[in-house]
*Asks:* 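Below are the structure tokens for one structure; questions will follow.
Numbers for residues simply follow the sequence, beginning at 1.
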Amino acid sequence: MSSVSRSRSWDVHRLPSAERRNVLVTGGNAGIGYFAAEQLAAAGAMVVLGSRDAAKAEAAMASIRARVSGAHLAHLPLDLADLSSLKAAVDRLELGHLDAVVHNAGVALDDPPRRETADGHELMFGTNHLGHFALTRWLAPLLSAAPAGRVVTVGSFAARSERLDLDDLHSTRDYRPKRTYGRSKLAQMSFGFALDRHLRAVGSTVLSVVAHPGGALDALTPSRPPVLVTTPAERLRALPAGLLVQGKDAGAWPVVRAVLDPEVQGGQLWGPRVFGLRGTPRCEPALSHMTDPAAATRLWAASAELTGTDPHLAFR
């Protein structure tokens, strides 16, 4: 079967069974993470929602259970901005294996002031990239114990126009919220591609895949009260934008395919079919600045040092 016909056979509304699979979704209580969790639960997976806020996680799980009969769900208290807490968080998973982790949680700051994590890292870079980098190390044994574990990193369209400043990873000299956010997502994507190269080099059975939601707006997203409420008026105003972008339910489709499709290969990038902004998921070429091995090597070394993490991430 050709890759084209395989791609056309994927139905976002009729997912393959994910029974007996364990999936952790960071930031699974809202946005893309919530809809990825809902869709994976509907396919039969046991989905763990990684979230700092227990009340929001409980609300998300209640919303999923209202739509998915017999959903298997759990909440993992997880704060990616607190590196010292991550090992203990993973120890609480109490799973024999983890089939996939979706590195989705993210911080986006619209306000000008620059903020830092408790570890002294710029908040967006520290949470979006460094937190997931360190989390991967602690999850490595569980992922390696699965028959075919996957690390799915959720990137962003915002990374397309940014370039990493490897001498200013914390944006101390050049802090502009949108640029810093885009660079943090680029760092995540660069790591996702580099991680797969590392996994292949050490002969691991784990794959690393990158996915992005394209353009995903709350106003085009179906309501999931109390997680998200969109009014008819908001949806009406957003209709013209729907020609170019989509809701967050559809934005989760590339992520879910990266988790479940047996034909997905490590090192691939999955996104929406239409201009990378909307539509059903497809494998798309990654831009060269996202896969640059030299930049990724420097970023990886800096990330290991900043997080105090084993540079091999326990994949050997």
*Asks:* Between the side chains of Ser288 and Asp292, is a donor N or O closer than 3.5 angstrom to an acceptor N or O?
*Replies:*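 The answer is no; no qualifying pair exists.
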*Asks:* Does any N or O in the side chain of Thr297 come within less than 3.5 Å of the main-chain N or O of Pro293, such that one atom is a donor and the other an acceptor?
*Replies:* yes
*Asks:* In the structure I gave you, are the side-chain heavy atoms of Ser303 and Phe191 within less than 4.5 Å of one another anywhere?
*Replies:* no
*Asks:* Linking I/L/V/M/F/W/Y whenever any side-chain heavy atoms sit under 4.5 Å apart, do Val210 and Val259 land together?
*Replies:* no
*Asks:* Could you please spell out the steps behind the side-chain contact (heavy atoms from CB on, under 4.5 Å) verdict for Asp249 and Glu38?
*Replies:* CA-CA 9 Å; Asp249 55 329; Glu38 182 183 283; over 6 Å; no
*Asks:* Could you check whether any side-chain heavy atom of Pro272 comes within less than 4.5 Å of a side-chain heavy atom of Trp253, counting everything from C-beta outward?
*Replies:*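 Answer no - side chains too far apart.
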*Asks:* Please indicate whether Asp174 has more than 12 foreign heavy atoms, meaning atoms of other residues, nucleotides or ligands, lying under 6.0 Å from its CG.
*Replies:* yes
*Asks:* Side chains of Thr153 and His132 only: does a donor on one sit below 3.5 Å from an acceptor on the other?
*Replies:*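 No, because no side-chain N or O of Thr153 sits under 3.5 Å from a partner of the opposite role on His132.
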*Asks:* Work out which heavy atom in Leu73 is nearest to a heavy atom in Ala41; give both atom names and the distance.
*Replies:*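 So the two residues come closest at CD2-CB, 4.1 Å.
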*Asks:* Using modelled atom types only, decide if a donor and an acceptor are shared between the side chain of Arg115 and the backbone of Glu122 within a distance under 3.5 Å.
*Replies:*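 Checked: no pair found.
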*Asks:* Answer yes or no: does atom CZ of Arg92 have more than 12 heavy-atom neighbours from other residues, nucleotides or ligands under 6.0 Å?
*Replies:* yes
*Asks:* Looking at Arg179 and Glu162, does any basic side-chain N land under 4.0 Å from a carboxylate oxygen?
*Replies:*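 Yes, charged N to carboxylate O under 4.0 Å.
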*Asks:* Can you pull the side-chain hydrogen bond (donor to acceptor under 3.5 Å, both in side chains) pairs that have at least one residue in residues 39-62, sequence neighbours excluded?
*Replies:*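 Non-adjacent pairs meeting side-chain hydrogen bond (donor to acceptor under 3.5 Å, both in side chains): Asn29-Ser51.
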*Asks:* Mind checking the CG-CZ spacing from Leu169 to Phe125? Nearest 0.5 Å is all I need.
*Replies:* 4.5 Å
*Asks:* Looking at residues at least two apart in the chain, or sitting in another chain, which of them share a side chain to side chain contact (heavy atoms under 4.5 Å, CB included) with Arg160?
*Replies:*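 Per chain and number, Arg160 pairs via side chain to side chain contact (heavy atoms under 4.5 Å, CB included) with Phe157, Glu284, Leu287, Met290.
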*Asks:* Look at the side-chain heavy atoms of Ile, Leu, Val, Met, Phe, Trp and Tyr, link any pair under 4.5 Å apart, and say whether Val102 and Val48 land in one connected group.
*Replies:* no
*Asks:* Can you give me the closest heavy-atom contact between Leu220 and Leu239, atom names plus distance?
*Replies:*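 Shortest heavy-atom contact: CD2-N, 4.4 Å.
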*Asks:* A quick test of your reading: do over 12 heavy atoms of other residues, nucleotides or ligands sit less than 6.0 Å from NE2 of His75?
*Replies:*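 Yes, enclosed.
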*Asks:* State the OG-CG distance between Ser184 and Leu123, to the nearest 0.5 angstrom.
*Replies:*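 Those atoms lie 9.5 Å apart.
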*Asks:* Apply side-chain contact (heavy atoms from CB on, under 4.5 Å) to residues Arg298 and Asp167 and explain how you reach the verdict.
*Replies:* CA-CA 10 Å; Arg298 288 184 60 191; Asp167 297 316; 3.2 Å; yes
*Asks:* So how far is it from Arg224 CZ to Ile64 CD1, rounded to the nearest 0.5 Å?
*Replies:*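 If we round to the nearest 0.5 Å, Arg224:CZ and Ile64:CD1 are 9.5 Å apart.
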*Asks:* For residues Ser208 and His198, is any side-chain donor paired with an opposing acceptor at under 3.5 Å?
*Replies:* no
*Asks:* So, does His97 use its side chain to make a donor-acceptor pair with the main chain of Asn22 at under 3.5 Å?
*Replies:*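 Between the backbone of Asn22 and the side chain of His97 there is no qualifying donor-acceptor contact (under 3.5 Å).
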*Asks:* Please step through side-chain contact (heavy atoms from CB on, under 4.5 Å) for the pair Leu135 and Leu78, ending with a clear verdict.
*Replies:* CA-CA 10 Å; Leu135 180 65; Leu78 186 67; 4.2 Å; yes
*Asks:* Do the side chains of Leu80 and Leu109 join up, straight or via other hydrophobic residues, at under 4.5 Å, putting them in one cluster?
*Replies:*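 They do not share one cluster, since no chain of ILVMFWY contacts under 4.5 Å joins Leu80 to Leu109.
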*Asks:* If Ile, Leu, Val, Met, Phe, Trp and Tyr residues are connected whenever their side-chain heavy atoms lie under 4.5 Å apart, and connections chain through other members, are Tyr34 and Leu24 in the same group?
*Replies:* no
*Asks:* Rounded to the nearest 0.5 Å, what separates atom CE in Met124 from atom CG in Asn128?
*Replies:* 7.5 Å
*Asks:* What are the two closest non-hydrogen atoms of Ser85 and Asp79, and how far apart are they?
*Replies:* OG-O, 3.6 Å
*Asks:* Spell out, as yes or no, whether a donor-acceptor pair under 3.5 Å connects the side chain of Thr230 to the backbone of Ala219.
*Replies:* no
*Asks:* If you apply the rule salt bridge (Lys or Arg N to Asp or Glu O under 4.0 Å), what do you find for Asp218 with Lys248, and how did you get there?
*Replies:* CA-CA 7 Å; Asp218 280 339; Lys248 293 187 175 179; 3.1 Å; yes
*Asks:* So do Leu299 and Leu166 actually touch side chain to side chain, heavy atoms under 4.5 Å?
*Replies:*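 Heavy-atom side-chain distance check passes, below 4.5 Å.
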*Asks:* For the OG atom of Ser171 and the NE2 atom of His121, what is their distance to the nearest 0.5 Å?
*Replies:*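 Going from the OG atom of Ser171 to the NE2 atom of His121 covers 13.0 Å.
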*Asks:* Quick one: are Leu95 and Met46 in side-chain contact, heavy atoms under 4.5 Å?
*Replies:* yes
*Asks:* Do Leu260 and Val68 land in one hydrophobic cluster if side-chain heavy atoms of ILVMFWY residues count as linked below 4.5 Å?
*Replies:* yes
*Asks:* Does the side-chain contact (heavy atoms from CB on, under 4.5 Å) test come out yes or no for Leu142 and Val90, once each step is laid out?
*Replies:* CA-CA 9 Å; Leu142 291 175; Val90 171; 4.2 Å; yes
*Asks:* Please tell me if the side chains of Ser223 and Thr231 come closer than 4.5 Å, counting only heavy atoms from C-beta onward.
*Replies:*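 The answer is no, as the side chains (C-beta and beyond) never meet within the 4.5 Å cut-off.
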*Asks:* Work out which heavy atom in Val209 is nearest to a heavy atom in Ala258; give both atom names and the distance.
*Replies:*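 Answer, listing the atom of Val209 first, then Ala258: CG1-CB, 3.9 Å.
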*Asks:* So do Asp11 and Thr280 actually touch side chain to side chain, heavy atoms under 4.5 Å?
*Replies:* no
*Asks:* Is Val152 close to Trp270 at the side-chain level, that is, under 4.5 Å between some pair of heavy atoms?
*Replies:*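 They are not in contact (no side-chain heavy atoms under 4.5 Å apart), so the answer is no.
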*Asks:* Under 4.5 Å between any side-chain heavy atoms of Leu306 and His170, yes or no?
*Replies:* yes
*Asks:* For the rings on Trp300 and Phe133, is their centre-to-centre separation under 6.0 Å?
*Replies:* yes
*Asks:* Could you report the tightest heavy-atom contact between Tyr181 and Val107, atom names first, then the distance?
*Replies:* CD1-O, 3.4 Å
*Asks:* When rounded to the nearest 0.5 angstrom, what is the spacing between NZ in Lys178 and CG in Asp110?
*Replies:*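 Those atoms lie 7.5 Å apart.
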*Asks:* Provide the closest heavy-atom pair for His212 versus Leu269 in the form atom of the first, atom of the second, distance.
*Replies:* CD2-CD1, 4.1 Å
